[in-house]
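Pasting a structure here, questions to come.
Every value quoted in this text rests on a predicted model; they were computed, and no experiment measured them.
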Amino acid sequence: MGGNPDQFVRFLNVQKSYDGETLVVKNFNVDIAAGEFLTMLGPSGSGKTTCLMMLAGFEAATHGDIILDGQSINNVAPHKRDIGMVFQNYALFPHMTVAENLAFPLKVRKMSKSEIDRKVKRALEMVQLGHFGSRRPAQLSGGQQQRVAVARALVFEPKLVLMDEPLGALDKNLREEMQYEIKHIHEDLGVTMVYVTHDQSEALTMSDRIAVFEDGIVQQLATPDQLYEKPENAFVAGFIGENNRLHGQLKSVEGDTCSVALEGSDGIVKALKVNVDGVGGRTTLSIRPERVVLDPDSDQYPNRCQARVEELIYLGDHIRARMTVSGNSNFITKVPNTQRHTPLKRGEVVNIGWATEDCRALDA
Amino acid sequence: MTTADGKPLKVSLRRALRRQRIWAFLLVAPLLLFILVTFIVPVFNMALRGIENPQVHDIMPQTTSALKAWDGEGLPAEPVYAALVADLQAGYKSKEIGKVATRLNYEKVGMRSVIMSSARHAKRMKDGPYKEAMIHVNRAWGDPATWRLIKRESAPYTFSYLLAALDAHYDDNGDIAMLPQDRRIYVPLFIRTLLMSATVTLFCILLGYPVAYLLANLPLKISNLLMIMVLLPFWTSLLVRTTTWIVLLQSQGVLNDLMVWLHVIDDQGRIQMIFNKTGTLVAMTHILLPFMILPLYSVMKTVPPSYLRAARSLGANPLVAFWRVYVPQTVSGIGAGSLLVFILSIGYYITPALVGGQSGQMISNMIAYHMQESLNWGLAGALGLLLLVIVLVLYSVYNKFIGIDKIKMG
Ligand SMILES: Nc1ncnc2c1ncn2[C@@H]1O[C@H](COP(=O)(O)OP(=O)(O)OP(=O)(O)O)[C@@H](O)[C@H]1O
Ligand SMILES: [Mg+2]
């Protein structure tokens with residue numbers, strides 16, 4: 001075997017429909033490199049699980065090709081694909097002990113007893129559950145069950161591991177702990193992982209690359225920092241992290257930048273030209289709250305406008321201020337809690353501004 | 001623990017819950033009464049008849065008390081014979097003596113005529129000594145075995161019905177012995193009943209499991225339709241269903257006609273499929289199938305499809321995944337269904353009576369026979385008691401290994 005290691009898993013023009021009327025996956029293309037941690041992120045119902053199920057073999061692609069390690073797997077039965085999978089509800093077999101659960105994939109592969117014992121023991125130690133081998137899944141806590149599920153998906157040393165919202169049922173602290181654990185296991189073993197979540201912070205923490213799904217379409221496929229810093233469209237900008245949007249009309253284009261007339265006020269702002277139609281078209285400006293400055297120097301920040309403070313929330317290290325800017329009353333800024341600042345007051349009108357490269361002109 | 005005002009917590013709690021409990025009890029009271037009158041009392045009564053033995057004790061009280069002093073060796077002394085004559089005279093007059101005759105005849109064939117003829121003679125006896133006279137009337141009175149029999153059966157309770165129900169009896173010396181092989185009826189019948197019930201249960205598992213699987217896994221629209229078809233038998237009279245099988249399976253029936261027509265068999269070789277064991281098995285499997293499907297379905301409904309998927313993704317082929325992962329999770333359903341079907345079948349009566357012929361009869365048919373034809377209610381009670389014991393043993397075994405709380409219906 002052995003295809004190109006940069007194209008360990010490939011989705012080529014994959015479409016999927018359950019009912020023959022609507023496409024839940026519209027045209028999915030992605031190349032996943034060997035050893036990569038790729039996350040599919042998107043709102044509920046956007047088709048993430050469907051893509052994972054097609055890769056695992058439990059759903060057939062309506063159109064297109066799925067290629068694993070250089071071979072099309074459209075007609076390979078699930079149990080011959082050698083893909084480890086962690087399910088959302090863990091799917092640990094309740095009638096088997098933890099050790100038997102882990103031994104199951106090895107037994108069906110007809111490994112010798114001693115080899116099975118050795119591998120099971122090692123896998124249990126990897127997830128720090130060395131003493132829990134003889135327990136039933138029902139006798140474990142949620143986090144422990146989750147670890148067993150991960151260990152079971154890895155114990156037969158698959159090259160590819162799929163996880164469908166594996167941390168969905170855990171509380172916040174445990175979630176974060178497990179995120180790091182899974183990440184470390186990924187780094188230690190070097191397996192390729194495809195991970196599904198609708199929690200953006202989880203995706204940002206763990207992934208090498210993230211595919212943002214919406215309505216069966218990948219809106220953007222990029223590294224976490226690129227997704228945050230350089231969203232390509234308004235959906236991604238709004239879905240990843242906090243985001244202020246201002247609507248306007250494109251007035252003129254100057255190289256990489258453009259001038260936009262704001263709706264709801266007569267100001268003109270300069271923005272990075274990212275994803276706009278032509279002059280005269282509508283556009284959405286996207287500005288991250290932490291990139292907004294109060295009382296800017298006029299020469300440093302060409303974009304300036306007036307804002308009225310509507311609400312202040314004290315958050316310790318910074319103060320969250322909700323303001324009305326150009327008719328948008330949900331404009332958030334983060335004011336660092338430094339000594340020098342004169343405290344803001346509700347109803348006060350202040351000057352705010354931002355750098356041109358922090359303001360992205362996206363699709364309307 | 002105490003409440004704020006210092007009363008023990010438990011007392012307060014109990015008081016608070018008392019009203020609720022009284023209400024709950026009042027709500028179930030009508031049903032409780034109904035079950036008590038129509039079910040528990042009759043069952044208890046029937047079971048009692050299996051060990052009750054009032055005839056000799058009540059109708060021959062003098063003999064009974066006179067025999068108390070007899071040690072069972074040789075013949076009893078004159079006073080016992082005097083008591084016998086007095087009892088026979090009284091019994092003849094009140095026309096009760098026939099019951100004693102029937103009762104003793106169960107134990108030893110011929111005792112009916114011994115008692116009846118002796119009673120007729122005793123009527124005319126005036127003075128003693130009676131010993132010689134009675135032995136003269138019937139030689140049986142000179143046989144210590146007869147007296148041992150009467151002494152044994154004069155106890156108010158007896159095991160002899162239960163022994164009879166197990167094909168055993170007291171021999172002439174009063175020891176328990178099995179009947180000769182060719183006269184055993186009930187033990188082979190019990191065994192046949194258990195075997196047939198087991199077969200019916202097995203058929204129900206084999207036929208019901210796939211249906212329950214479909215029910216639990218098909219889309220709701222189709223599975224609802226299927227569920228109605230499963231429940232349809234419940235809405236049809238048992239008699240109609242059973243007679244339908246006769247129409248289908250009898251030697252001039254639909255199935256045989258079809259096979260003759262298709263030249264699978266020739267006209268002389270029509271297969272006897274009803275009025276024998278086959279008929280009973282087929283009809284009972286059909287009737288009891290829903291009792292297997294429903295508990296199976298309710299268990300399967302709780303098994304998420306992700307288990308099978310997980311097994312497949314771990315490398316198990318569909319068959320292994322099904323057998324090693326799915327089936328074990330439905331064991332409680334199989335157990336519940338089997339328990340229901342098995343217990344219902346060992347007590348089944350109408351179907352074997354209608355389509356069972358000779359070889360398809362079960363123990364309930366024998367109980368019915370003794371209730372309605374031979375009027376040996378004691379034996380009927382004993383057989384029923386044994387059946388009840390078997391059911392209770394099965395139940396407790398099931399409860400021990402699987403747990404009765406696992407049974408759910410839909
Ligand atoms: N078996 C199915 N039959 C019909 N429609 C389905 C089936 N599974 C999913 N769908 C539909 O396909 C769409 C995508 O579903 P999918 O499960 O892939 O979403 P998802 O992105 O995983 O959402 P979530 O975050 O809620 O898990 C949904 O609109 C859903 O209703
Ligand atoms: Mg999903």
Does B:F322 CZ have over 12 foreign heavy atoms under 6.0 Å away?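 Yes.
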Winner by heavy-atom pair count (cut-off under 4.5 Å) against chain B, out of A:P158, A:A153, A:P94: A:P94
Are there more than 12 heavy atoms of other residues, nucleotides or ligands under 6.0 Å from atom CH2 of B:W235? yes
So that I can tick it off, tell me whether A:E59 and B:R309 are bridged by a salt bridge, with the cut-off set at under 4.0 angstrom between side-chain N and carboxylate O. yes
Check whether more than 12 heavy atoms from other residues, nucleotides or ligands sit under 6.0 Å from atom NZ of B:K277, and answer yes or no.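 For B:K277, atom NZ is not crowded (no more than 12 foreign heavy atoms under 6.0 Å).
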Just give me the residue among B:A316, B:P318, B:P304, B:A321 that pairs up with chain A most often, heavy atom to heavy atom, under 4.5 Å. B:A316
Under 3.5 Å, is there a donor-acceptor pair between the side chain of A:H95 and the main chain of B:R324? yes
Enclosure of B:L319 CG (heavy-atom neighbours >12, cutoff 6.0 Å): no
Contacting moiety of A:L106, where chain B heavy atoms sit under 4.5 Å: neither
Under 4.5 Å from any heavy atom of chain B, what part of A:R81 do you find: side chain, backbone, both or neither? neither
Under 4.5 Å from a heavy atom of chain A, the part of B:V320 involved: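 For B:V320, side-chain heavy atoms alone lie under 4.5 Å from chain A.
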Spacing of OG belonging to B:S313 relative to CG belonging to A:L55, to within rounding of 0.5 Å: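 One gets 11.5 Å once the value is rounded to the nearest 0.5 Å.
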Heavy-atom pairs under 4.5 Å with chain B are the metric here; pick the option from A:M96, A:M53, A:R109, A:Q88 that has the most.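 It is A:R109.
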Would the number of heavy atoms belonging to other residues, nucleotides or ligands and lying under 6.0 Å from CZ of B:F203 be above 12? no
Given a strict heavy-atom distance threshold of 4.5 Å, which part of A:N89 is in contact with chain B: side chain, backbone, both, or neither? side chain
Does CZ belonging to B:R21 count more than 12 external heavy atoms closer than 6.0 Å?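 It does: B:R21 CZ has more than 12 such atoms within range.
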How many angstroms lie between atom CZ of A:F93 and atom CG of B:L314, to the nearest 0.5 angstrom? 5.5 Å
Residue part contacting chain B, namely of A:K80, when any heavy atom lies under 4.5 Å: neither
How far apart are the closest heavy atoms of A:R152 and B:A310, and which atoms are they? NH2-CB, 3.6 Å
Looking only at atom types and distance, does a side-chain atom of B:R312 sit under 3.5 Å from a main-chain N or O of A:F58, one as donor and one as acceptor? no
Pair count under 4.5 Å, heavy atoms only, with chain B: among A:G84, A:A91, A:A77, highest is A:A91
Please evaluate residues A:L92 and B:Y307 with respect to the criterion side chain to side chain contact (heavy atoms under 4.5 Å, CB included), reporting the C-alpha separation (whole Å), side-chain torsions for both, the decisive distance (0.1 Å), and the verdict. CA-CA 7 Å; A:L92 297 177; B:Y307 286 120; 5.7 Å; no
